[in-house]
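For reference, the structure is listed below as structure tokens.
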Amino acid sequence: MLRYTIRRLVQLVGVVLVLSMLLFAWLRLLPGGPVSALLGERATPESREALTKQLGLDQPIFVQYFKFLGRAATGDFGVSTGVQPGDSALEIFLQRFPATIELSFFAILIAIAVGVPLGYLAAKRRGGWFDNLSVIGSLIGVAVPVFFLAYLLKDVASSALGLPSQGRQDAIDATRVTGFFTLDGLITGEFDATLNALEHLILPAIALATIPFAVIFRITRAAVLDVLDEDFVRTAESKGLTAPVIRRRHVLRNAMLPVVTTIGLQTGALLSGAVLTEKVFSFAGVGQALAIGFERRDYPVLLLLIIMATIVYVVVNLLVDLSYALIDPRIRTR
């Protein structure tokens, strides 16, 4: 297991290097650029030339890339030219990543809490009204665009339920410790701040959870259906084992491998940046920074955020692979 983990981490380094090269070249081939974003339409040729030289964009692309690697090795990923002009790209990431973690955590929590039980119950009642209704609901969850549901929740549900629809927290005097607003209030004893942050998370988390819920539900249902047809389940039933024991020891445990894989993939995708949801709800996370960065051609911020999103995605999937050994002891011997 240790050898496997080390091999995967070494592969991660190779993935990040290749991705950084491709991103570096691709971002500089995009029309416009930071010079146009900074100077605007009224820029003179002289001012454009001076700023291009100042930013080092007049040098060959491979020279720019190796200079970037040298700076990145010391923690310097450049300075933002569009998202938060003047701030370092690393500082922007560290400020915004906790928001994306909070939002993704509550979204995947909702998806798991609803999707896994519903998937199991739908499989147990295969072909019944509950099964058919649940499948239709999951199809709607996949089919409805996230941005449409986000705007619907923002404009309708927010007014009907009185829930906040903008930002991470109201303008209150709250102490910041970790950057996780829900956790900071618990640490400092400012429980009103935690409650306020949770209220701001409800609508965006529901909007973000719809697609993961639908996918987790369908995978759980299919996995449970496969396990219910296995001989060992019928043997357990014939031996007189109770339904809770069969469900816990035989059905769910054997059906969990594909479900855990799906949860890992969905979690990695959410942590990589919920662009549309964060933009609609003005949620100051990685996704919103990515959207602003693309609009304003903020090369340093875009490069760092996409690379970090890749690292997060690969690490989450590595953790999922390692969790297989806990779910299925047979894997430990392979």
Side-chain angles (χ1 to χ4, degrees), residues 1-16 19 100-101 103-124 126 131 134-135 137-143 146 205 208-230 232-233 246-275 277 286-287 306 308-334:
M1 189 66 73
L2 179 61
R3 186 181 302 173
Y4 172 77
T5 304
I6 294 173
R7 185 170 70 249
R8 287 289 298 272
L9 291 175
V10 171
Q11 291 173 354
L12 173 60
V13 175
V15 168
V16 170
L19 178 69
T100 299
I101 291 180
L103 179 57
S104 301
F105 173 78
F106 282 99
I108 201 67
L109 189 64
I110 293 171
I112 295 171
V114 180
V116 172
L118 272 185
Y120 175 80
L121 293 174
K124 290 288 287 183
R126 175 172 33 182
D131 182 27
S134 299
V135 171
S138 69
L139 289 174
I140 293 174
V142 173
V146 173
L208 192 59
T210 51
I211 292 180
F213 151 72
V215 175
I216 291 170
F217 164 80
R218 295 178 69 84
I219 296 297
T220 303
R221 179 180 177 274
V224 171
L225 284 175
D226 288 340
V227 174
L228 288 174
D229 291 333
E230 294 290 342
F232 63 81
V233 174
I246 295 174
R247 179 176 64 245
R248 184 177 63 256
R249 292 186 182 177
H250 298 284
V251 177
L252 284 178
R253 188 160 189 176
N254 284 281
M256 274 296 107
L257 282 182
V259 176
V260 168
T261 301
T262 303
I263 291 172
L265 292 172
Q266 295 297 319
T267 303
L270 294 180
L271 288 173
S272 298
V275 179
T277 306
V286 171
I306 296 174
M308 294 306 297
T310 303
I311 294 174
V312 168
Y313 193 86
V314 174
V315 169
V316 167
N317 281 277
L318 172 60
L319 294 176
V320 169
D321 290 346
L322 296 177
S323 71
Y324 288 169
L326 299 176
I327 299 171
D328 189 351
R330 293 172 298 179
I331 297 178
R332 299 173 194 171
T333 62
R334 297 178 187 175

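What's counted below: heavy atoms across the whole structure, side chains too, no hydrogens, waters or symmetry copies. In this chain, residues are counted from 1 in sequence order.
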Query - Distance (rounded to the nearest 0.5 Å) between I110 CD1 and F106 CZ - result: 8.5 Å
Query raised in the report: Considering the options L121, T262, L225, V259, which one meets the side chain to side chain contact (heavy atoms under 4.5 Å, CB included) requirement together with T220?
Result: V259
Query raised in the report: Salt-bridged, D131 to K124, with N to O below 4.0 Å?
Result: no
Requested in this report: For V314 and Q11, run side-chain contact (heavy atoms from CB on, under 4.5 Å): C-alpha distance rounded to whole Å, both residues' side-chain angles, the deciding distance at 0.1 Å, then the answer.
Outcome: CA-CA 10 Å; V314 174; Q11 291 173 354; over 6 Å; no
Query raised in the report: Atom OG of S104 and atom CG of L109: how far apart are they, to the nearest 0.5 Å?
Result: 12.0 Å
Requested in this report: Find the distance between CE (M256) and CD1 (I263) and round it off to the nearest 0.5 Å.
Outcome: 6.5 Å
Query raised in the report: If you measure from CD1 on I311 to CG on L19, what distance do you get to the nearest 0.5 Å?
Result: 9.0 Å
**Report entry** Minimum heavy-atom distance between A214 and V142, given as atom pair plus value
**Finding:** CB-CG2, 3.3 Å
Query raised in the report: Does the S138 side chain pair with the main chain of V135, one donor and one acceptor, at a distance under 3.5 Å?
Result: yes
**Report entry** A123 versus V224, closest heavy-atom pair with distance
**Finding:** CB-CG1, 3.5 Å
Report summary line: Here the pair of heavy atoms bringing A107 nearest to L270 is CB-CD1, 4.2 Å
Query raised in the report: Any idea which heavy atoms bring A274 and L208 closest together, and the distance?
Result: CB-CD1, 3.4 Å
Report summary line: On a heavy-atom basis, the closest approach of I216 and I112 is CD1-CG1, 4.1 Å
**Report entry** Side chains of V286 and M308 in contact at under 4.5 Å (non-hydrogen atoms)
**Finding:** no
Query - Student check: side-chain heavy atoms of F213 and L118 closer than 4.5 Å - result: yes
Report task. Compare every heavy atom of R221 with every heavy atom of A122, then report the nearest pair and how far apart it is. Result -> CB-CD, 4.1 Å
